[in-house]
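Worksheet: the structure to be examined is printed underneath.
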Amino acid sequence: MVEGKVVMITGASSGIGAAAARLFAAEGAAVVLMARREDRLAALVEEITGAGGRAVASAGDVVRGADVARAVDRAVETFGRLDGAFNNAGWASAGADLHEVDDEVYDRIMDVNVRGVWNCLRHQIPAMLATGSGAIVNTSSSAGVVATGAVAPYVAAKHAVLGLTKAAAAEYGARGIRVNALVVASTRTELLEGVIAETPALEEVFVARQIQRRMADPVEVAQGALWLCSDRASFVTGSAVATDGGLTAI
């Protein structure tokens with residue numbers, strides 16, 4: 001589906017991002033992996049290249065524009081271009097009503113989830129304009145469509161990701177760049193597993209509103225990103241594609 005393409009993946013050190021890295025590489029893409037944990041990225045690059053794939057790492061934080069720019073430059077310098085991106089890095093907090101969320105938590109949620117996507121878009125798009133085509137997928141959430149019970153700043157941030165996605169799709173569609181978002185529900189990521197370990201009863205709460213009463217495996221979400229980055233989704237742009245076990249259907 002993405003044979004020969006060059007794809008940048010953020011949040012690649014674990015969870016959905018790591019699953020996407022393995023999946024895209026197995027499908028023939030060269031992957032440029034970005035996350036803060038350099039040791040995790042190095043191990044994943046070694047795993048992918050050991051299996052015959054193509055991968056490089058560029059450690060950094062999506063909150064810092066210079067780190068994102070460096071990752072895009074690494075893609076172009078190593079593989080000659082950038083064809084796709086899966087902007088998956090995110091951060092969440094749980095368990096507080098709106099009036100109880102402090103400024104530090106608010107700032108972190110908005111920075112990683114909104115500024116992070118903003119930084120990615122503004123550095124990835126010029127590289128794609130240089131070749132006249134590209135496909136970008138941003139990770140939103142069911143909290144970007146409805147108030148799921150997640151903390152209010154996270155709901156706001158994931159709504160903003162959908163807004164950025166639609167705006168970018170409208171601005172760059174005529175120049176060959178497609179931009180879509182995944183509406184993701186509860187997924188067995190490192191972050192969520194940690195929350196459940198602390199409060200096991202939350203697992204049932206997380207899946208109670210879904211048609212499929214289970215959490216997603218990270219690779220199930222990665223499959224959605226793979227399709228949207230591929231030419232098989234050539235007529236799909238500006239969309240919020242639900243990979244949420246039916247949460248937003250009811």
Requested in this report: Examine distances only and state if a side-chain atom of Asn119 and a backbone atom of Val62 form a donor-acceptor pair shorter than 3.5 Å.
Outcome: yes
Query raised in the report: Would you say the side-chain atoms of Asn138 and Thr165 include a donor-acceptor pair closer than 3.5 Å?
Result: yes
Report task. State whether the number of non-hydrogen atoms from other residues, nucleotides or ligands found under 6.0 Å of Glu100 atom CD is greater than 12. Result -> yes
Query raised in the report: Hey, is the main chain of Ala12 close enough, under 3.5 Å, to the side chain of Ser14 for a donor-acceptor pair?
Result: no
Report summary line: Those residues at least two apart in sequence (or on a different chain) that pass side chain to side chain donor-acceptor pair (under 3.5 Å) with Arg70 are Asp67
Report summary line: Here the pair of heavy atoms bringing Thr131 nearest to Leu82 is OG1-O, 4.4 Å
Requested in this report: Using side chain to side chain donor-acceptor pair (under 3.5 Å) as the criterion, list what pairs up with Thr189, not counting sequence neighbours.
Outcome: none
Query raised in the report: Which heavy atom of Ala225 sits nearest a heavy atom of Val137, and at what distance?
Result: O-CG2, 4.0 Å
Report summary line: side chain to side chain donor-acceptor pair (under 3.5 Å) filter on Glu38, not counting sequence neighbours, yields none
Report task. Using modelled atom types only, decide if a donor and an acceptor are shared between the side chain of Arg36 and the backbone of Ala59 within a distance under 3.5 Å. Result -> no
Query raised in the report: Is the backbone N or O of Ala135 less than 3.5 Å from a side-chain atom of Asp83, with the two atoms forming a donor-acceptor pair by type?
Result: no
Report summary line: Of all heavy-atom pairs linking Ser133 and Ile177, the shortest is C-CG1, 4.3 Å
Requested in this report: State plainly whether one hydrophobic cluster holds both Met1 and Val32, where clusters connect Ile, Leu, Val, Met, Phe, Trp and Tyr through side-chain heavy atoms under 4.5 angstrom apart.
Outcome: no
Query raised in the report: Taking the side chain from Asp97 and the backbone from His99, do they hold a donor-acceptor pair closer than 3.5 Å?
Result: no
Requested in this report: Any chance you could pull the hydrophobic cluster mates of Leu247, using side-chain heavy atoms under 4.5 angstrom and chaining through other members?
Outcome: Val145, Val146, Leu162, Val183
Report summary line: Shortest non-hydrogen pair, Leu182 vs Gly224, comes out as CD2-C, 4.1 Å
Query raised in the report: Is the side chain of Arg178 donor-acceptor paired with the backbone N or O of Leu228 at a distance under 3.5 Å, no angle test?
Result: yes
Query raised in the report: Any idea which heavy atoms bring Val72 and His123 closest together, and the distance?
Result: CG1-O, 3.7 Å
Requested in this report: Please check if the side chain of Gln210 supplies one atom and the backbone of Val207 the other of a donor-acceptor pair under 3.5 Å.
Outcome: no
Query - Pairs satisfying salt bridge (charged side-chain N to carboxylate O under 4.0 Å, His left out), at least one member in residues 227-243, at least two apart - result: Lys5-Asp231
Query raised in the report: Under the side chain to side chain contact (heavy atoms under 4.5 Å, CB included) test, which residues partner Ser239, sequence neighbours left out?
Result: Asn180, Val236, Val241
Report summary line: All heavy atoms of Val101 vs all of Ala96, minimum pair found to be CG2-CB, 4.0 Å
